Amino acid sequence: VTPRVGAEVEGLLRRLAPQVLGTLVRRYGHFDLSEDAVQEALVAAAVQWPEQGVPEHPRGWLIAVASRRLADELRRDRARRRREETAAAQVPEDELLVPAPADEQPPAEDDTLTLFFLCAHPALTPASQLALTLRAVGGLTTAEIARAFLVPEATIAQRISRAKQSIKASGIPFDLPPEPERADRLRVVLHGLYVIFNEGYTATSGADLQRADLTAEAIRLTREVRRLLPEDGEVAGLLALMLLTDARRAARSRADGSLVPLAEQDRGLWNQELIEEGLALVTDALSRTTLGPYQLQAAIAAVHDEAARAEDTDWPQILTLYELLTRLTPNPMVTLNRAVAVAMARGPEAGLDLLSTLDDDERVAGHHRLHAVRAHLLELAGDRAGARSSYRTAARLTTSLPERRYLEQRAARLADHFDR
Amino acid sequence: VKYVALVYNNPGAFEALSQTERDELMREADAYLKEFTESGELLAGGVALADASNGKTVRVRGGVPAITDGPFAEAKEQLAGYYVLDCDSIERATEIVTRDPAARFWAVEVRPIMDMAGTEM
């Protein structure tokens with residue numbers, strides 16, 4: 001089997017996974033058991049198809065195999081219950097499950113969106129939501145999800161089975177959420193996809209490449225949501241934000257895994273194709289949909305991506321966008337980023353003044369980013385001793401090894417100047 | 001974020017408990033591990049350590065190894081075991097650990113584990 005065939009089969013299986021699951025749940029109910037059955041069918045296909053070739057009707061094949069597994073499981077379940085109840089219950093007729101030719105057509109009603117909402121149901125913990133989304137909608141195996149999140153496979157299996165128990169226990173119907181709830185529920189779906197993206201994106205090079213797959217998976221799933229909700233500006237905004245951020249990936253870290261700040265990145269390494277796609281998406285969304293935080297963040301990423309050199313960055317425009325974002329979603333992390341824009345547009349002292357308003361905010365006072373930003377601004381202002389001290393504080397507070405290394409280097413660089 | 005929970009106790013502390021207390025502790029510990037393993041927050045792979053007196057401490061100075069009996073830190077409380085939590089915040093991690101019976105008898109230290117994920121600044 002060539003890797004290319006393997007990758008093609010994997011791509012096909014991931015695309016078909018939510019449709020096959022939707023069909024099973026529609027036909028037989030039992031979301032929890034159907035999900036297991038689909039997963040087994042996907043695993044069987046991943047082994048067989050690269051060896052024996054993709055069947056003529058791949059969707060029908062998966063539906064038939066998954067239905068058979070589900071029927072087996074339901075039969076075992078009934079037998080178990082019968083034994084337990086020792087009641088002479090009548091043996092129900094088993095349904096005969098054969099591939100139906102009609103199953104090759106995509107279902108008239110696309111349940112993928114329903115699956116997205118179900119997997120991000122507020123009754124589930126955030127970690128369970130992510131794992132279930134990647135498995136039930138993304139078609140990833142438990143092992144793949146575990147490798148990507150750097151946790152044991154047993155833990156992901158627990159999160160998924162706990163999530164399915166919660167869905168079963170709370171009797172959530174397999175339907176789109178009612179209209180009044182839908183906007184809030186969509187926000188949870190989008191946030192989950194953004195978290196998956198960041199899990200992958202913040203992974204540095206080398207040993208973490210497995211995690212970087214999460215970036216591609218998040219983009220693929222967000223494209224799916226966009227296909228299903230083409231008129232939603234925030235869906236477009238999130239997709240644009242992902243593309244405009246991912247475009248910089250090759251430049252953001254060195255081969256040894258160390259981080260390169262935006263201002264020092266080799267912009268020739270940025271992916272122009274992704275930038276153009278992201279730009280078109282966000283421009284279109286901004287011009288004709290309700291403004292939202294993902295669109296604004298995408299617009300900020302776009303202004304960075306459009307600058308040929310760091311010194312060409314249109315900071316006043318970035319500042320305006322951050323001011324809008326503050327009005328929409330006021331939070332200390334936005335203020336932190338706005339302080340950088342203020343410093344670049346109006347000088348470091350103005351940025352430091354804004355930053356000082358965060359010192360008493362317990363949500364960020366102990367966060368390394370506050371001290372890292374202050375260090376940068378103090379360095380810009382020429383206060384080397386102050387900058388060095390803030391870099392060191394930030395280095396102590398971060399839980400990321402590449403960030404700590406970067407912050408320690410900045411501090412050391414200033415020490416050289418300072419002692420000379 | 002992953003957090004390691006470091007369980008500290010006095011050497012011989014477990015033996016010093018009455019049989020009833022020991023049974024109670026074991027039962028609670030089992031229930032604790034089960035509950036948070038099932039919630040997907042406690043990762044497989046935690047360990048209990050043999051009494052610190054069974055250990056040795058290794059130092060190499062000027063290329064010469066010096067191996068001494070017993071623990072590195074000369075403290076009354078010694079590391080007795082550890083496990084790893086994967087959750088959203090240190091507040092959540094400490095909330096979980098308050099349920100660990102070892103925290104009631106002795107003490108559990110919670111520390112974030114460094115990771116390789118990083119944001120360019």
Side-chain angles (χ1 to χ4, degrees), chain A residues 125-128 131 146 149-163 165 195 198-208 211 248 251-253 257-265 340 366 368-369 372-373 375-376 391 394 397-407 410, chain B residues 1-8 27-49 73 79 81-102 107-121:
Chain A
T125 64
S128 290
F149 281 98
L150 306 171
V151 299
E153 199 177 329
T155 301
I156 294 295
Q158 284 290 357
R159 289 179 188 171
I160 288 169
S161 83
R162 172 61 70 95
Q165 278 165 24
V195 171
N198 272 322
E199 276 281 333
Y201 182 74
T202 55
T204 46
S205 58
D208 268 0
R211 290 165 65 68
R248 303 196 288 253
R252 73 180 287 272
S253 61
S258 60
L259 293 165
V260 185
L262 195 52
E264 292 168 25
Q265 286 177 16
V340 176
H368 72 275
R369 289 269 306 169
V373 168
H376 273 291
Y391 278 128
L397 288 172
T398 181
T399 60
S400 151
L401 282 167
E403 286 176 8
R404 185 166 77 184
R405 209 180 320 155
Y406 167 78
L407 293 162
R410 301 291 295 211
Chain B
V1 188
K2 297 195 182 73
Y3 301 90
V4 63
L6 304 163
V7 181
Y8 284 86
R27 200 168 46 243
E28 278 185 54
D30 283 349
Y32 171 74
L33 294 176
K34 184 167 182 289
E35 177 178 349
F36 292 103
T37 300
E38 284 178 358
S39 80
E41 289 167 298
L42 199 156
L43 304 190
V47 298
L49 303 178
L79 189 62
Y82 66 85
Y83 50 87
V84 175
L85 298 167
D86 182 22
C87 53
D88 288 339
S89 66
I90 197 158
E91 286 73 23
R92 174 60 187 156
T94 54
E95 185 185 26
I96 292 171
V97 167
T98 52
R99 302 275 306 281
D100 183 345
V108 182
E109 181 177 349
V110 181
R111 300 256 305 260
I113 296 178
M114 300 292 283
D115 61 37
M116 290 304 293
T119 313
E120 70 266 42
M121 289 176 240

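Order of the sequence lines sets the chain letters (A, B, ...), proteins ahead of strands, with each chain counted from 1. On a predicted model such as this, the values are computed, not experimentally measured, just so you know. Atoms considered below: every heavy atom in the structure, side chains included; atoms not considered: hydrogens, waters and symmetry mates.
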Has A:T399 got a side-chain atom pairing as donor or acceptor with B:I113's backbone, closer than 3.5 angstrom?
no
Rounded distance [0.5 Å steps], OG1 in B:T119 versus NE2 in A:H368:
6.5 Å
Select one option (side chain, backbone, both, neither) describing which atoms of A:T125 are under 4.5 Å from chain B's heavy atoms.
neither
Other residues, nucleotides and ligands only: do more than 12 of their heavy atoms fall within 6.0 Å of CZ on B:R111?
no
Less than 4.5 Å to any heavy atom of chain B: does that hold for the side chain of A:E199, its backbone, both, or neither?
neither
Can you see which heavy atom on B:G118 is nearest to which on A:S400, and at what distance?
CA-OG, 3.6 Å
Short side-chain to backbone donor-acceptor contact, B:E38 and A:R162, under 3.5 Å
no
For B:D88 against A:P126, the heavy-atom pair lying closest together:
OD2-CG, 4.0 Å
When you compare the side chain of B:M116 with that of A:P402, does any pair of heavy atoms fall below 4.5 Å?
yes
Nearest 0.5 Å please: distance from the OG1 atom of A:T155 over to the CD atom of B:E41.
10.5 Å
Kindly give the heavy-atom pair with the smallest separation between A:Q158 and B:T37, and that separation in Å.
CG-O, 3.3 Å
Roughly how far, to the nearest 0.5 Å, is the OG1 atom of A:T202 from the CG atom of B:D115?
7.5 Å
OH (B:Y82) with more than 12 external heavy atoms under 6.0 Å
no
